[in-house]
Protein chains: 2
Amino acid sequence: MPARPKLLIVEDDLALAELIVWHCEAEGYVVRQTADGEEALLMVAEQMPDAIILDWMIRHVPGIEVLRRLRRDKATAQVPVIMLTARGEEEDRIRGLKTGADDYMTKPFSPRELLARIEAVLRRARPVTGGQSLVVGDLELDPVAHRVTRGGAPVPLGPTEFRILVHFMERPGRVQSREQLLDAVWGMDSDIELRTVDVHIRRLRKAINLPGMADVIRTVRSAGYALEV
Amino acid sequence: MPARPKLLIVEDDLALAELIVWHCEAEGYVVRQTADGEEALLMVAEQMPDAIILDWMIRHVPGIEVLRRLRRDKATAQVPVIMLTARGEEEDRIRGLKTGADDYMTKPFSPRELLARIEAVLRRARPVTGGQSLVVGDLELDPVAHRVTRGGAPVPLGPTEFRILVHFMERPGRVQSREQLLDAVWGMDSDIELRTVDVHIRRLRKAINLPGMADVIRTVRSAGYALEV
DNA sequence: CAGGTCCATGACAGTTTTGTGACACTCTCT
DNA sequence: AGAGAGTGTCACAAAACTGTCATGGACCTG
C-alpha cells in the first residue's frame, strides 16, 4: 500500500463530488474525480487507483456496467469499489454486491462514514490484491498453494481450519465473534450452532500449536477469538 | 448500542422542540432537550448521547460552533449529529457537512422523516466508533483487539472490567456516579446493587495498578469514581 | 472524640462461558 | 462396498466471571 493511497471518485453531482474530494484530500488521499463512466474506465487503466467510489447513476454508462467491466478485466478485477446508491434502492445494492462491489453507501451519508469505509476497504484489500502469502508472527499462509507453516514447519490443516485461519490472518489481532466467523467461513445463512466454532478453533489450535509453542489464538471471553500478533 | 438510545435535541423554538421530543419519546428514545448551545455542550459531556439533533440558529453559540467544539474533543468526536437548517441555506449545509455533521434536515420537515434519519444515523454510527484505540496517560485500550496495556504491559481484564474501563476512557477525568456506571455498563434497567459497582472498581484497580504504580482511578466520596488523567 | 456515613476488601456460592473427548454422518477415493 | 478423512453436535468437565455480603477502616460533622 502506498503512503498516500489513490482514490477515484465517479460522481456526477458536482456539489457532492466536491464535498467528497475535499474530505478525502483532507484525510491525505490522492484523489481524482470524474462524472463520466467511460472516462472513469480510462482513468482506472491509467492510474490504477487503490479504491473507487462509484455512484450508481452516472452519465453514459450506468454504475453497474462500469463495475462489471472493471471486474472482467483481470488487471482491475481486484480494485475495491464502494458504490453509492440512493435511499431505498435495495435491489441495486444487491446487484452491486453480487457483481463484486466491496461495500455500499446509501445517500445521504456522512463524510466520516465514507472515510471509515474507505479505510476498511483499503485494509481489507491488502491481502486479497496480492495473492501474496500472509505472514503473522512465525505463521505463514500461502493462499494459492493452500499451505501453512509455523516457524518453517509445515502445518496440515483441514479445509475449514484453513478458511478460519485465513480469516484470522487477514485481521491479525482483531477479535472475531463466533457470529462473524460463522458468516465469514460458513456463509451468511448457514444454520450452524455457534458452539461449533469452538470445536473448530480447538482443532485449529491443536494443529497449529506444535508442542512447546505458545498458543496463537487468544480466547476473549464473551466476545470471541483473536489471532495473536 | 444501548437498548434505548439517548438523543439530545438542541432547538430553541419551543413549539418545534416539544414536537420533536414527543415523537422521539414515542419512538422509544430517551430524550433530553435544551435551547442553548453552551448548555448543550455540557449535557453532551455529561450524558454522552447516541445522537444529537442540532438547530443551526440557537442562542449564545451558533450551531456550527457547537458542532466544531464537539468534533474537536476526542470524547465526543464520534457522536452523530443531524443539523436542522432553514430552507435555502445551502451554504450552511455544506459548511456543516464539512465540519462533520452526519446528515441534515431542511425545515419544515415531517416527524416521520426525522425519525428515519435518526435511525439511519444511529445504525451507521456503530462501526465507525469502533476504530481508534483509546489512550489516557500510560493506559491504552484497543477496542477492536479487546486489549489493554498499562505502560506497554498487557493487562488482563474480564468482560465487565473491560466495559467499565472503556466507559471511563471515553470520559477521562470525569466523575461517574455509580448510577451512571450501572446504566452504561449493565444497561438502563438492570436491578443490580449499587455497591456492586464498588467491587468491580476494586477488581479493575487490582488488575490495572501493577505493583508500584499509582492508582488510576480516583474515588470521589459520595459522588462516584473518575479515571485520572 | 462519638456517631454516622461512605468505601475497601476478602470470601463465597452461583452462573455463565469455554475446553474437550466422543460419536454419528457424510463424502471421496479406491 | 470399504477405508479414511472431515464435519457438526452433544454432554460433561473445567475455568472464569459475577453479584452479594459481612467486616473493618476512612472520613466527616458537630
Side-chain angles (χ1 to χ4, degrees), chain A residues 146-148 154-168 175-209 211 213-228, chain B residues 146-148 154-168 175-209 211 213-228:
Chain A
H146 250 249
R147 201 184 285 286
V148 176
V155 175
L157 290 182
T160 308
E161 293 146 35
F162 186 84
R163 281 200 301 269
I164 293 176
L165 186 57
V166 169
H167 184 80
F168 273 127
V175 174
Q176 299 299 116
S177 69
R178 292 176 175 72
E179 286 86 350
Q180 286 175 309
L181 288 167
L182 274 185
D183 286 353
V185 174
W186 282 263
M188 292 285 208
D189 38 47
S190 64
D191 52 348
I192 302 280
E193 291 292 324
L194 276 184
R195 290 299 310 277
T196 299
V197 175
D198 296 31
V199 179
H200 280 275
I201 290 286
R202 163 145 204 291
R203 289 169 182 162
L204 178 55
R205 274 178 166 149
K206 213 174 194 171
I208 222 172
N209 296 323
M213 284 180 157
D215 193 349
V216 234
I217 297 176
R218 179 165 48 104
T219 303
V220 181
R221 186 172 236 260
S222 77
Y225 299 93
L227 183 65
E228 286 293 347
Chain B
H146 255 252
R147 199 189 272 289
V148 176
V155 176
L157 291 181
T160 308
E161 293 146 33
F162 187 84
R163 282 199 301 266
I164 293 175
L165 186 58
V166 168
H167 184 80
F168 274 126
V175 176
Q176 297 299 115
S177 70
R178 292 174 175 72
E179 286 85 351
Q180 285 175 310
L181 287 168
L182 273 185
D183 285 354
V185 173
W186 280 263
M188 293 283 215
D189 37 47
S190 65
D191 52 348
I192 301 281
E193 291 291 324
L194 274 184
R195 294 300 312 277
T196 298
V197 174
D198 297 30
V199 179
H200 280 276
I201 291 286
R202 158 138 211 296
R203 288 169 182 160
L204 179 54
R205 276 177 165 149
K206 208 174 191 172
I208 223 172
N209 296 325
M213 283 180 157
D215 193 349
V216 233
I217 297 176
R218 182 162 44 102
T219 303
V220 183
R221 194 182 167 84
S222 75
Y225 299 92
L227 184 64
E228 287 293 349

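Bear in mind that the values here come from a model prediction, so they are computed numbers and not experimental data. The chains referred to below are lettered A, B, ... by the order of the sequence lines, with proteins before strands, and numbering in each begins at 1. When reading the values below, keep in mind they use all heavy atoms of this one structure, side chains included, and skip hydrogens, waters and symmetry mates.
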Base-contact (B) and sugar-phosphate-only (S) positions in nucleotides 10-17 of chain D, heavy-atom cut-off under 4.0 Å, - elsewhere: B----BBS
Nucleotide of D:dT7, C:dA8, C:dT18 approaching B:D198 most closely (side-chain heavy atoms): C:dA8
Rounded distance (Å) that lies between atom P of C:dT9 and atom NZ of B:K206: 9 Å
Atom-to-atom span, CD1 of A:I201 to P of C:dG19 - whole angstrom: 9 Å
Between C:dG19 (C1') and A:N209 (CG): distance, integer Å: 14 Å
Presence of A:R202 side-chain N/O under 4.0 Å of C:dG19 phosphate oxygens OP1/OP2: no
Sugar-phosphate only, base, or nothing, as touched by B:D215 at under 4.0 Å among non-hydrogen atoms: nothing
Test ring-ring contact (aromatic ring centres under 6.0 Å, His included) applied to B:H200 and B:W186, B:F162, B:Y225, B:F168, the passing residue: B:W186
Touch class at under 4.0 angstrom, heavy-atom based, for A:Y225 against every strand present: sugar-phosphate
Phosphate contact (D:dT7 OP1 or OP2) by A:W186 side-chain N/O below 4.0 Å: no
Any A:L165 side-chain heavy atom under 4.5 Å of A:E161 side chain: no
Euclidean distance, atom NE2 of residue B:H200 to atom P of D:dC21 [Å, nearest integer]: 14 Å
Rounded interatomic separation in angstrom, taking CZ from B:R218 and P from C:dA8: 13 Å
N/O (side chain, A:T219) to phosphate O (OP1/OP2, C:dG19) under 4.0 Å: yes
Check: A:R178 and A:D198 side chains under 4.5 Å, non-hydrogen atoms: yes
Rounded interatomic separation in angstrom, taking CG from A:L194 and C1' from C:dG19: 16 Å
Spacing of CG belonging to A:D183 relative to CD belonging to A:Q176, to within rounding of 0.5 Å: 10.5 Å
Phosphate-side-chain proximity, B:T196 and D:dT20, N/O vs OP1/OP2 below 4.0 Å: yes
B:R178 side chain near C:dC7 phosphate (N/O to OP1/OP2, under 4.0 Å): yes
A:R147 CZ: over 12 foreign heavy atoms closer than 6.0 Å: no
Nucleotide C:dT20, atom P - distance to CG of A:L204 in whole Å: 13 Å
Shortest non-hydrogen separation from A:P156 to A:A207 and the atoms involved: O-CB, 3.8 Å
Any donor-acceptor N/O pair under 3.5 Å between C:dG10 base and B:R203 side chain: no
Donor-acceptor contact present, side-chain B:R205 to main-chain B:I217, <3.5 Å: yes
